[in-house]
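Reading through the structure tokens given below for one structure.
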Amino acid sequence: MTDEAHDRAVRQVFSGPIAFLKSAPELHFLPDPTVPEVAFAGRSNVGKSSLLNALTNRNGLARTSVTPGRTQELNLFDVGDPLSFRLVDMPGYGFAKAPPAVVKRWRHLVNDYLRGRAVLKRALLLIDARRGMGEVDREVMAMLDAAAVSYRLVLTKIDKVKPTEVSKVLDAATTEARRHAAAHPDVISTSSETGEGIDSLRAAVLDAVEG
Ligand code: GTP
Ligand code: MG
């Protein structure tokens, strides 16, 4: 396939049928593990739900909010008809305003899913370009390395940062990714606001599903 034909094929998948399947507040609510899954992980408010909407070109498919802690369950979306894979929007890490027991429950839910889901092809670990990598991100990376779960770092909200600053954060994240066994060596920079990097992200999702 030529590059152009490949780009077209990639776009076609994400402009075809995509539908909300279900919310799983606990692991036993998950659907049978019969198709590949790609999951969105990262700190609260990093832009997971927004990126899922940008990726699928559907505003409001996943619920977003200025208030951290919007997504509270594992939300699954079917892509393709016939079904070819699922996208999973997850609660964020490190939301301090919810009661500690609730924060703990979310963290366990997300970590148990990431470590134990047989059909999880790749986790996308989102990093806010304004903040760069933090303690929680490194903990999640270590956990994914230990569980041998393939993951990829994705910078979000690059429209909020000067281009020179984006390249600094990108370089730092890339250097760090390359030190981790289970991390993809290349980091993708995105903006759900401007659409920058969204085509690359689509290709990366398909690559994960097909790989
Ligand atoms: P939780 O579900 O609470 O963990 O948050 P989330 O990671 O799903 O973040 P969400 O997508 O709800 O976005 C949080 C806020 O960031 C919202 O106000 C979004 O509009 C904003 N946001 C997300 N992505 C971008 C982006 O690329 N650029 C800009 N400028 N704002 C963004
Ligand atoms: Mg969310």
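The first residue in the sequence is number 1, and the count goes up from there. In each ligand, atom 1 is the first atom listed, and ligand 1 is the first ligand listed.
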Donor on one side chain, acceptor on other, S49 and D89, under 3.5 Å: yes
Minimum non-hydrogen distance to atom 3 (O) of ligand 1, winning option of S44, G47, A54, G69: G69
Salt bridge K168-D171, side-chain N to carboxylate O under 4.0 Å: no
Proximity to ligand 1 by part of P68, non-hydrogen separation under 4.0 Å: backbone
Atom of N45, atom of K48 and distance for their closest heavy-atom approach: N-NZ, 4.1 Å
With the Mg ion (ligand 2) as the apex, the OG/OG1 angle for S49 and T71 - to 10°: 90°
Per-atom contacts of ligand 1 with R70, taking only distances under 4.0 Å to non-hydrogen atoms: 1 (P), 2 (O), 3 (O)
N or O contact, V46 vs ligand 1, cut-off under 3.5 Å: yes
Atoms of ligand 1 close to G92 [distance to a heavy atom under 4.0 angstrom, numbered from 1]: 4 (O)
I188 CD1 to R152 CZ distance, which is reported to the nearest 0.5 Å: 3.5 Å
Test item, N45 contacting ligand 1 (heavy atom, 4.0 angstrom): yes
Which atom of S189 lies closest to which atom of L170, heavy atoms considered: OG-CD1, 3.5 Å
NZ/NE/NH1/NH2 to OD/OE distance under 4.0 Å, R178 and D186: yes
Under 3.5 Å: N/O of T64 near N/O of ligand 1: no
Atom 27 (O) of ligand 1 [closest protein heavy-atom partner, distance rounded to 0.1 Å]: S192 N, 2.8 Å
Heavy atom of the protein closest to atom 13 (O) of ligand 1 (residue, atom name, distance): S50 OG, 3.5 Å
Distance-only polar pair, side chains of Y93 and D137, donor-acceptor under 3.5 Å: no
For S84 against P36, the heavy-atom pair lying closest together: O-CD, 3.6 Å
Polar proximity ligand 1 side, D89 side, N/O cut 3.5 Å exclusive: no
Option set V66, D159, N53, criterion heavy-atom distance to atom 18 (O) of ligand 1, minimum: V66
Electrostatic pair R107-E139, nearest N-O below 4.0 angstrom: yes
Nearest protein heavy atom with distance in Å, relative to atom 31 (N) of ligand 1: E193 OE1, 3.9 Å
Closest protein heavy atom to atom 22 (N) of ligand 1, given as residue, atom name and distance to 0.1 Å: K157 CE, 3.7 Å
Heteroatom distance test (T156, ligand 1): nitrogen or oxygen, under 3.5 angstrom: no
Identity and separation of the nearest protein heavy atom to atom 6 (P) of ligand 1: K48 N, 3.5 Å
E37 and its side chain to side chain contact (heavy atoms under 4.5 Å, CB included) partner, picked from V209, L74, L87, V88: V88
Atom 17 (C) of ligand 1 - nearest protein heavy atom and its distance: S65 O, 3.4 Å
Atoms in ligand 1 flagged as close to S191, the criterion being non-hydrogen separation under 4.0 Å: 27 (O)
Minimal non-hydrogen separation, P31 against R117, with atom names: O-NH2, 3.0 Å
